[in-house]
Amino acid sequence: MKIAIINGPNLNLLGTRETSIYGAQTFETFFEDLKSKYPAIEFHYFQSNVEGELVNEIQRLGFSYDGIIINPAAYTHTSVAIGDAIAAIKTPVIEVHISNIFGREDFRKLSHVSGKSVGVISGLGLKGYALAVEYFHSK
Ligand code: DQA
């Protein structure tokens, strides 16, 4: 089984960025732990601060992977292109947010991705990515 995790802008700064909202753990540390729990899964990780690079990666993986877990970060709320890319591919996508986007500023309540995804996990910290992996794993 092949699962990809795609992170959008500023998520390369997890562990130092607004730790009261996003926590103190780096994504790399979390990801190493996640991979060790699922040795049979082939994981791919991609992070970019550039919208078009995220679209390219969704298209590149979206016809061969079993699942994509995406946190489009701020592009969630602005990117029609990322929403369209998810609608265009065959691989099912789960949208994950570390914080609860429905409990923050109003502009974060709009997602161009949710309606194109099989499900959304928001507000459960990095554990949200692990829960999404477990969903694909147990399908
Ligand atoms: C985020 C929530 C977004 O609103 C924000 O722009 C992010 C991270 C989250 O994981 O909670 O960068 O996607």
Side-chain angles (χ1 to χ4, degrees):
M1 167 171 261
K2 286 161 71 168
I3 293 182
I5 299 179
I6 299 178
N7 272 340
N10 302 305
L11 293 172
N12 54 313
L13 298 180
L14 284 176
T16 52
R17 170 196 185 201
E18 295 182 279
T19 53
S20 61
I21 299 173
Y22 299 114
Q25 194 175 9
T26 65
F27 194 82
E28 288 68 25
T29 311
F30 167 78
F31 189 47
E32 285 310 309
D33 193 38
L34 184 67
K35 285 191 289 188
S36 71
K37 285 185 180 132
Y38 293 94
I41 296 179
E42 189 182 320
F43 283 101
H44 170 71
Y45 179 61
F46 181 78
Q47 189 278 329
S48 178
N49 297 322
V50 179
E51 184 177 14
E53 289 182 0
L54 295 165
V55 171
N56 284 343
E57 193 70 355
I58 292 163
Q59 290 187 9
R60 194 176 76 79
L61 304 173
F63 297 90
S64 58
Y65 270 66
D66 300 296
I68 293 176
I69 297 160
I70 188 163
N71 183 345
Y75 288 137
T76 307
H77 320 299
T78 61
S79 180
V80 174
I82 290 176
D84 281 354
I86 291 169
I89 61 172
K90 296 273 181 258
T91 299
V93 172
I94 299 178
E95 176 185 357
V96 168
H97 298 284
I98 297 162
S99 65
N100 179 359
I101 58 172
F102 304 101
R104 300 180 63 191
E105 302 95 325
D106 279 349
F107 70 84
R108 294 186 203 276
K109 291 177 182 151
L110 169 70
S111 168
H112 291 283
V113 172
S114 302
K116 314 286 174 15
S117 303
V118 293
V120 182
I121 300 171
S122 184
L124 304 184
L126 289 174
K127 197 172 271 185
Y129 295 90
L131 293 168
V133 169
E134 184 52 32
Y135 172 81
F136 284 129
H137 180 66
S138 63
K139 260 183 79 186

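Model, not experiment: these values are computed from the prediction.
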Looking at side-chain heavy atoms only, is the closest gap between [X] and [Y] below 4.5 Å?
X: Phe136; Y: Ile69; answer: yes
X: Val120; Y: Ile101; answer: no
X: His112; Y: Asp84; answer: no
X: Ser117; Y: Ile94; answer: no
X: Leu126; Y: Leu14; answer: yes
X: Arg104; Y: Ile21; answer: yes
X: Val55; Y: Ile82; answer: yes
X: Leu54; Y: Ile70; answer: no

If I take atom [atom1] from residue [X] and atom [atom2] from residue [Y], how far apart are they, to the nearest 0.5 angstrom?
X: Leu11; Y: Ile6; atom1: CG; atom2: CD1; value: 12.0 Å
X: Leu61; Y: Ile89; atom1: CG; atom2: CD1; value: 8.0 Å
X: Ile5; Y: Ile68; atom1: CD1; atom2: CD1; value: 11.5 Å
X: Met1; Y: Tyr65; atom1: CE; atom2: OH; value: 12.5 Å
X: Thr76; Y: Phe107; atom1: OG1; atom2: CZ; value: 11.0 Å
X: Thr78; Y: Leu110; atom1: OG1; atom2: CG; value: 9.0 Å

When you compare the side chains of [X] and [Y], does any donor N or O come within less than 3.5 Å of an acceptor on the partner?
X: Tyr129; Y: Asn7; result: yes
X: Glu57; Y: His44; result: yes
X: Glu95; Y: His97; result: yes

Closer than 3.5 angstrom, by distance alone: can the side chain of Ser138 be matched with the main-chain N or O of Tyr135 as a donor-acceptor pair?
yes
For Tyr75 and Asn49, indicate whether the former's side chain and the latter's backbone hold a donor-acceptor pair under 3.5 Å.
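Yes; at least one donor-acceptor contact below 3.5 Å.
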Non-hydrogen atoms of [X] and [Y] that approach each other most closely:
X: Ser122; Y: Asn100; answer: OG-CA, 3.4 Å
X: Phe102; Y: Lys109; answer: O-CE, 3.2 Å
X: Gln47; Y: Pro9; answer: NE2-CA, 4.2 Å
X: Pro72; Y: Val113; answer: CG-CG2, 3.8 Å
X: Phe46; Y: Ser48; answer: CE2-CB, 3.7 Å
X: Ile121; Y: Ala132; answer: CD1-N, 3.8 Å

With sequence neighbours excluded, give me every salt bridge (Lys or Arg N to Asp or Glu O under 4.0 Å) pair touching residues 18-32.
Glu32-Lys35
Scan residues 125-139 for pairs that pass salt bridge (Lys or Arg N to Asp or Glu O under 4.0 Å), counting only residues two or more places apart or in two chains.
none
Examine Lys90 relative to Phe63 and say whether NZ or CZ is less than 6.0 Å from the centre of the six-membered ring and inside a 45° cone about the ring axis.
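Judged by the rule (NZ or CZ under 6.0 Å from the ring centre, within 45° of its axis), Lys90 is not positioned above Phe63.
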Indicate, with yes or no, if Leu13 and Phe30 share a hydrophobic cluster defined by side-chain heavy-atom contacts under 4.5 Å among Ile, Leu, Val, Met, Phe, Trp and Tyr.
no
Within one Ile-Leu-Val-Met-Phe-Trp-Tyr cluster: Ile58 and Val118, side-chain cutoff 4.5 Å
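Each belongs to a different hydrophobic cluster.
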Applying ring pair (Phe, Tyr, Trp, His ring centres under 6.0 Å), name anything that partners Tyr45, two or more places apart in sequence or on another chain.
Phe27, Phe31
